[in-house]
Amino acid sequence: MSTLEKTETKETTRKAAGTQVSGAQAVMEALIHEEVDTVFGYPGGAIMPIYDALYDYSDQLKHILVRHEQGGIHAAQGYARTSGRVGVAFATSGPGATNLVTGLADAMIDSNPIVCITGQVFASLLGTDAFQETDVINITTPVTKWNYQVTDANEIPSVLAKAFYIARTGRPGPVLIDITKNAQIQLFDYHGYESCKHVRSYRPAPIVRKEYVEEAAKAINAAKKPFILFGQGIILGKAEQEFKTFIEKAGIPSAATVMGLSALETDHPLHVGMLGMHGNYAPNVMTNECDVLIAIGMRFDDRVTGRLDKYAKQAKVVHLDIDPAEIDKNVKAHYPVWGDCKETLPMLTELIEKADHSAWLNQFRDLEKEEIKEVIHNELNPTSDILTMGEVLKVLNEITGGDAVIVTDVGQHQMVTCRYAKFNNSKSSVTSGGLGTMGFGLPAAIGAWYGAPHRDVVAIIGDGGIQMTIQELGTIMQFGAKVKILILNNEFLGMVRQWQQLFHDKRYSFVNITSPDFVAVAKGYYIDGNRVSERKDLKDALQTMMDHDGSYLLEVMVGKENNVFPMVAQGTSVSEIRLK
């Protein structure tokens with residue numbers, strides 16, 4: 001179809017105000033007006049009218065048929081994370097809708113902008129235990145930013161406009177709209193689609209109080225040992241450049257949360273590593289040495305803070321966040337700065353003095369040398385014949401140059417990847433942070449590729465996590481997402497095994513996992529692949545994977561009982577981080 005024909009089709013398909021449309025057609029109109037280009041979903045009885053309408057909009061809306069609804073919402077998350085746009089997922093009623101719950105919870109805690117549209121039984125059947133009826137509104141209320149059930153088609157344009165507005169503004173999050181089947185079929189007078197710009201009682205970003213910014217600037221200017229912790233709020237606020245300008249003027253060492261990775265390029269001279277349970281040694285230790293702690297777009301998660309009663313008690317805390325609920329929730333802020341960091345960071349930058357904290361920065365680098373000696377060198381350059389996860393990442397970095405999108409599942413491979421992967425560009429690290437959802441990696445990587453099809457997307461997954469959503473290989477097979485799948489196989493549920501080794505006297509209770517021949521499984525889905533277990537084959541195998549035109553699965557056999565260090569044991573202080 002030519003560009004002209006596509007334009008003509010678009011103009012004739014879009015419904016004009018004053019015409020009669022069905023509720024299902026109104027859903028399509030909303031998606032087109034919100035500039036949605038890709039939907040991930042799975043049809044069923046209660047959402048069939050919406051899929052029937054989609055048939056006429058297939059030139060404007062790409063629909064990716066996933067193999068499970070959980071795969072659909074994780075794909076929508078991956079799409080949102082790499083594109084910076086709202087991800088969209090469809091599911092039918094009953095089990096279709098309940099299969100979204102894990103992804104909704106994941107998106108909620110990780111602030112992913114998602115709109116899920118579920119079908120529901122006829123309104124006349126609500127509450128009768130009809131076939132495939134579940135109370136999806138009450139089920140999903142705790143794991144959505146907003147949800148709503150539509151029983152009248154007249155509501156659809158305004159409700160979906162509100163849904164997209166709420167999902168993308170302020171602190172982003174998932175929204176679910178449940179539409180009864182009668183509302184999908186119902187004809188009504190369509191008055192056009194108007195984007196939502198305001199919702200009464202909902203304030204996406206709090207009013208910035210200039211006096212708070214001024215007080216924070218004074219504290220930073222007076223600091224001798226300031227330290228910055230930055231999270232995903234930098235990325236969500238599209239404030240990467242503002243953040244870089246701020247830290248470079250302030251000259252302050254800066255460390256990332258897991259979700260903040262790629263907001264600042266890994267090799268930036270002020271980037272001192274990753275925070276948290278398996279983060280770098282220096283930023284964890286120095287948290288309890290700094291005099292001013294500046295948190296930007298992060299929520300002081302327990303995996304970052306360790307024991308709260310021993311966390312940064314010596315420091316004055318400056319906390320910049322768009323969500324007022326995060327201020328003082330876990331760590332008391334002496335200088336709270338409410339607002340969108342894209343607005344507050346330039347205000348702060350203007351007020352701070354240009355500073356040189358090189359002596360303080362060198363203290364981080366000295367501790368970094370200790371970590372390199374005790375942990376990093378051995379992980380990246382092992383002397384045994386057994387491959388380590390770290391050396392796989394080292395070779396992958398050499399090949400990608402830090403320019404790929406790296407999507408991880410959850411477990412040891414995730415922490416190793418977050419520790420050693422190089423990122424030159426924002427929106428390059430996609431992982432399940434707050435919920436820690438095994439099975440996230442493969443479908444999220446599919447969505448990530450659709451969100452950034454011009455970039456290399458590598459899914460790094462453990463032998464446990466891949467088997468939770470392995471059916472999504474069928475999605476790749478059918479639709480051709482060019483995802484590189486790197487399975488790091490240690491024949492264990494590795495992170496659980498590590499904890500059992502360290503804290504349960506090596507009582508390995510049900511963590512041995514037997515896997516299929518992953519390469520053969522991939523070939524069953526017409527996806528090329530390979531398996532390596534020796535160092536001499538590693539680089540060529542990774543190069544082949546990255547050079548392959550299309551999806552590819554590479555399984556790398558790594559040490560069975562290798563552990564991820566450093567580690568802040570649960571119930572201990574960040575300054576008690578263990579190197580071994």
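Numbers here simply count residues along the sequence, with the first being 1. The model shown is predicted, which means the values in this text are computed figures rather than measured ones.
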Check the side chains of Gln25 and Tyr190 for a donor-acceptor pair under 3.5 angstrom, ignoring hydrogens and angles.
no
Check Ser83 against Gly451 and note the closest heavy-atom contact, atom names and distance.
CB-O, 3.6 Å
Hey, are the side chains of Lys181 and Pro49 touching, using non-hydrogen atoms and a 4.5 Å cut-off?
yes
Side chains of residues 460-470: which donor-acceptor partners sit under 3.5 Å, not counting sequence neighbours?
from	atom 1	to	atom 2	distance (Å)
Asp463	OD2	Glu491	N	3.1
Asp463	OD2	Phe492	N	3.4
Gln467	NE2	Asp463	O	2.9
Gln467	NE2	Ser515	OG	3.0
Thr469	OG1	Gly439	O	2.8

Candidate pair Asp456 and Lys482, rule salt bridge (charged side-chain N to carboxylate O under 4.0 Å, His left out), full reasoning:
CA-CA 8 Å; Asp456 288 329; Lys482 297 182 179 181; over 6 Å; no
Sequence-distant partners of Glu555, salt bridge (charged side-chain N to carboxylate O under 4.0 Å, His left out), two or more places apart:
Arg531
Tell me the closest heavy-atom pair linking Asp110 and Asn112, and the distance in Å.
O-ND2, 3.2 Å
Please evaluate residues Met415 and Gln498 with respect to the criterion side chain to side chain contact (heavy atoms under 4.5 Å, CB included), reporting the C-alpha separation (whole Å), side-chain torsions for both, the decisive distance (0.1 Å), and the verdict.
CA-CA 12 Å; Met415 291 296 98; Gln498 177 169 336; over 6 Å; no
Mind checking whether Val457 and Val407 have side chains closer than 4.5 Å, heavy atoms only?
yes
Flag for Gln77-Asp106: side-chain donor and acceptor within less than 3.5 Å:
yes
Run the side-chain donor-acceptor check on residues 195-206: report pairs under 3.5 Å with partners two or more places apart or on a different chain.
from	atom 1	to	atom 2	distance (Å)
Tyr202	OH	Lys145	NZ	2.9
Tyr202	OH	Thr169	O	3.2
Tyr202	OH	Thr169	OG1	2.8

Given side chain to side chain contact (heavy atoms under 4.5 Å, CB included), test Ile406 with Val430 step by step and report yes or no.
CA-CA 6 Å; Ile406 304 293; Val430 179; over 6 Å; no
Side chain proximity check, Thr82 to Arg455, heavy atoms < 4.5 angstrom
no
Holding to ring-ring contact (aromatic ring centres under 6.0 Å, His included), I want the full list of residues that pass it with Phe90, two or more places apart in sequence or in another chain.
Tyr51
Partners meeting salt bridge (charged side-chain N to carboxylate O under 4.0 Å, His left out) with Arg419 (sequence neighbours left out):
Glu371
Using only heavy-atom distances, determine whether the side chains of Arg497 and Gln501 contain a donor-acceptor pair under 3.5 Å.
yes
Among all residues two or more places apart in sequence or in another chain, which pass the ring-ring contact (aromatic ring centres under 6.0 Å, His included) test with Tyr148?
Trp146
Pair Arg171 + Glu326, salt bridge at N-O below 4.0 Å:
yes
Between the main-chain N or O of Val150 and the side-chain N or O of Thr180, is there a donor-acceptor pair closer than 3.5 Å?
yes
Residue set satisfying salt bridge (charged side-chain N to carboxylate O under 4.0 Å, His left out) with Arg67, at least two apart, ordered chain then number -> none
Please name the residue in the list Val564, Thr417, Leu493 that meets the side-chain contact (heavy atoms from CB on, under 4.5 Å) test with Gln412.
Val564
Do Val101 and Asn99 have side chains that approach each other closer than 4.5 Å (heavy atoms only, starting at C-beta)?
no
Could you tell me which residues satisfy ring-ring contact (aromatic ring centres under 6.0 Å, His included) with Tyr552, sequence neighbours excluded, listed by chain and number?
His548
For Thr140, which residues count as a side-chain hydrogen bond (donor to acceptor under 3.5 Å, both in side chains) partner, sequence neighbours excluded?
Asn147
Measure from the side-chain N and O atoms of Thr437 to the backbone N and O of Phe440, and report whether any donor-acceptor pair falls under 3.5 Å.
no
Assess whether side chain to side chain contact (heavy atoms under 4.5 Å, CB included) is satisfied between Val556 and Val558, documenting all intermediate values.
CA-CA 6 Å; Val556 180; Val558 295; 4.1 Å; yes
Any heavy-atom pair between the side chains of Thr98 and Glu69 that's under 4.5 Å?
no
Does any non-hydrogen side-chain atom of Asp321 lie less than 4.5 Å from one of Met298?
no
With a 4.5 Å cut-off on side-chain heavy atoms, are Leu100 and Val136 touching?
no
Listed by chain and number, what are the side-chain hydrogen bond (donor to acceptor under 3.5 Å, both in side chains) partners of Asn154, not counting sequence neighbours?
Asp152
Sequence neighbours excluded, which residues qualify as ring-ring contact (aromatic ring centres under 6.0 Å, His included) partners of Phe503?
Trp499
Within the 4.5 Å heavy-atom criterion, are Glu133 and Leu125 side-chain neighbours or not?
no
Charged N-O contact under 4.0 Å between Glu34 and Arg168:
yes
Please determine if Asp37 and Arg85 form a salt bridge, counting it only when a charged side-chain N lies under 4.0 Å from a carboxylate O.
yes
Hydrogens and angles aside, do Ser93 and Gln120 bring a side-chain donor and acceptor to less than 3.5 Å of each other?
no
Is it the case that the side chains of Gln414 and Thr431 hold a donor-acceptor pair, with the cut-off being a distance below 3.5 Å and no angle test?
yes
Basic-acidic side-chain contact under 4.0 Å: Lys342, Asp340:
no
Which residues share a side chain to side chain contact (heavy atoms under 4.5 Å, CB included) with Gln20, sequence neighbours left out:
Leu187, Asp189
